[in-house]
Amino acid sequence: MYVGIDVGTSVVKAAAFDSGGRQLAVESRPVELSLRDGFVEQDMDEVYGAVVDVLGKLTGRVPEPVELAGLTGQGDGVWLVDQEGRPVRSALSWMDGRAHELLDQWLADGTFETVFRRTGGAMFPGSPGPLLAWLDRYDPKSLDAAAAAVYCKDMVFQRLTGAARATTDVSDASMPFLDPRARSYDNRVVELLGLTRRRRLLPPVGDPITTGEAREGLPSGTRLSNGPYDLPACALGAGVTEPGDGLLIVGTCLAALVATTQLDLSGEPAGLYISTDRHGHRLRAMPAMVGTAALDWVLSTTGVTHAEVDELLASTPPGAHGVRVLPYFAPSGERAPFVEPHLRAELSGVSLETTPADLIRATCEGIGYAARHCLEAAGLTGSLAVCGGGTRSPAWMQLLADVLGRPLRVVEGEVGARGAVLAAAERYGVSLDAGVWTEPTAIVEPDSGRSAYYSKGFQEHLVRLDVARGAAGR
């Protein structure tokens, strides 16, 4: 069997597949996030312990030889480790907002735009550049004690394999220090962010992805590859490799990805270009902060369960009786397809006659408009795949197809873990039929009448968003 490991922000998963890509079993374990005053951190030992735990349970359930394993996980943030990959302090999550003042400064003085023009990465508060600069200013002892500032999966890989030093891959390194043409760190960017004396902390980039043999969690000697991180892994797992084709991940946050062979560093700085193992092939990524977390908040506030969502979406018409939602609920604002750390959610058109169903539909429509904004900015011209927890709601998938005005190739299961296996197979020269592994489970066609209605609604959404961005930037 083939094993994919996906170290998510709130859940760690391990999935087993047969040679034809059929998912045999999945084991998962939640991990905690510490949230306080915009600080969002994770306990690295808890995360690593969860990886070992789910791997042990998975291999116990499916007692077949493991041909190889692929590792993926959440990107961005800062995971400071010592020489053996053990934590120096708690990990700073990609959701962390503590560095927003530094980002404000860089937005004002042009540093932000200069970095984007060099690397194609639009920094946000939870990306490594701002977080490392914040640590250098307010917690320098942690940086002094660290051997490397890595990403989540890199910490896990080093400890699973006992590697002598930490490494990362071109996908994780893409934000914000990687020169996408040279596929190596841009030292001028390091200098611009005031981190020259911390340059030693940036781990070597494995190009192609680093491999090793497992010493823990998996049967000893199991071949394991480190990367790509979860966004490009999901693109692989959904079969998005041809230029123009796209993927929308409907998870805690939305992530819009479009495969491309182009590198356009003009226009409004936003999102990033994710380098891949295929030289000259990239993903134009618009990973928004908005996503199912916004719907979860509305559900919790209204006392509605996830099981009721489909029924409630069917009970109120498109437009939700005039209720509108700008779904930017993240405490660190928005990062794609624009960067505005101070943007917050807005609800309008609410009255005493508004029902929970109206609020839920308006939120889903708002998330759909945000997704359309991201996909258009990323340059979608081909087919569109969709994956993530949101796909479990047929009514929401139909609403999303209507808002986007295009068919959705729904890919279910552990798509990131699947992509991690395909990346590992490519790295090790193991022949797997990627077309079979990435077949969609359903195709959702848009309704032409509703799509026409939502096309107008999208333009109205953009107008409201412009006003909100103007207010947030003051």
Side-chain angles (χ1 to χ4, degrees), residues 248 250 252-254 256 288-331 333-334 336-338 340 342-377 386 390 393-406 408 444-474:
L248 181 67
V250 186
T252 303
C253 296
L254 291 176
M289 300 300 290
V290 63
T292 59
L295 179 60
D296 290 343
W297 183 88
V298 173
L299 293 177
S300 175
T301 301
T302 57
V304 174
T305 67
H306 284 87
E308 299 173 88
V309 168
D310 278 24
E311 181 180 352
L312 291 173
L313 286 176
S315 70
T316 191
H321 296 115
V323 179
R324 300 289 183 268
V325 174
L326 290 178
Y328 304 99
F329 287 84
E334 188 50 273
F338 54 87
E340 179 44 72
H342 302 288
L343 185 64
R344 295 296 181 267
E346 294 184 6
L347 283 74
S348 60
V350 178
S351 74
L352 293 175
E353 295 179 338
T354 298
T355 66
D358 294 331
L359 291 172
I360 290 163
R361 173 172 276 279
T363 302
C364 290
E365 289 175 346
I367 295 170
Y369 291 141
R372 182 166 174 169
H373 196 184
C374 287
L375 288 165
E376 290 189 359
V386 60
S393 168
W396 194 6
M397 287 302 98
Q398 184 61 61
L399 184 153
L400 194 58
D402 295 340
V403 171
L404 297 176
R406 60 174 61 243
L408 305 181
V444 181
E445 297 285 348
D447 175 270
S448 59
R450 291 192 295 267
S451 290
Y453 173 86
Y454 283 128
S455 182
K456 180 181 178 182
F458 175 58
Q459 298 306 316
E460 294 171 350
H461 167 87
L462 294 179
V463 172
R464 289 193 299 275
L465 177 59
D466 281 345
V467 173
R469 288 183 63 186
R474 288 200 292 267

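Reckoned from all heavy atoms, side chains included, excluding hydrogens, waters and symmetry mates.
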Can you find a pair of side-chain heavy atoms, one from [X] and one from [Y], that are under 4.5 Å apart?
X      : Y      : answer
Thr305 : Leu299 : no
Leu326 : His461 : yes
Leu399 : Arg450 : no
Tyr453 : Asp402 : no
Arg464 : Glu346 : no

Would you call the rings of Tyr369 and Phe458 parallel, tilted or perpendicular if under 30° counts as parallel and over 60° as perpendicular?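 Tyr369 vs Phe458 ring planes: tilted.
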Working to the nearest 0.5 angstrom, can you tell me the gap between [X] [atom1] and [Y] [atom2]?
X      : Y      : atom1 : atom2 : value
Leu313 : Met397 : CG    : CE    : 10.0 Å
Leu408 : Leu248 : CG    : CG    : 8.0 Å
Ser455 : Leu404 : OG    : CG    : 11.0 Å
Leu347 : Asp358 : CG    : CG    : 11.5 Å
Ile367 : Glu365 : CD1   : CD    : 10.5 Å
Glu353 : His321 : CD    : NE2   : 9.5 Å

On a heavy-atom basis, which atom in [X] and which in [Y] lie closest, and how many Å separate them?
X      : Y      : value
Gly405 : Ser451 : CA-OG, 3.7 Å
Glu334 : Met289 : OE1-N, 2.7 Å
Ala357 : Ser315 : CB-OG, 3.4 Å
Tyr454 : Gly319 : OH-N, 4.4 Å
Pro327 : Val325 : CD-O, 3.4 Å
Val304 : Pro356 : CG2-CB, 4.2 Å

So, the side chain of Ser300 versus the backbone of Trp297: is there a donor-acceptor pair under 3.5 Å, distance only? no
Look at the side chain of Arg372 and the backbone N and O of Val403, then say whether any donor-acceptor pair between them is shorter than 3.5 Å. yes
For the pair Leu359 and Val350, evaluate side chain to side chain contact (heavy atoms under 4.5 Å, CB included) and give the outcome as yes or no after the intermediate values. CA-CA 8 Å; Leu359 291 172; Val350 178; 4.2 Å; yes
Atom CD of residue position Glu445 - does it have more than 12 heavy atoms of other residues, nucleotides or ligands inside 6.0 Å? yes
Could you pull out all residues at least two apart from Ser393 that satisfy side chain to side chain donor-acceptor pair (under 3.5 Å)?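 Counting only residues at least two positions away or on another chain, Ser393 forms a side chain to side chain donor-acceptor pair (under 3.5 Å) with Asp310.
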Show your working on side chain to side chain contact (heavy atoms under 4.5 Å, CB included) between Leu465 and Leu343 and close with a plain yes or no. CA-CA 9 Å; Leu465 177 59; Leu343 185 64; 4.0 Å; yes
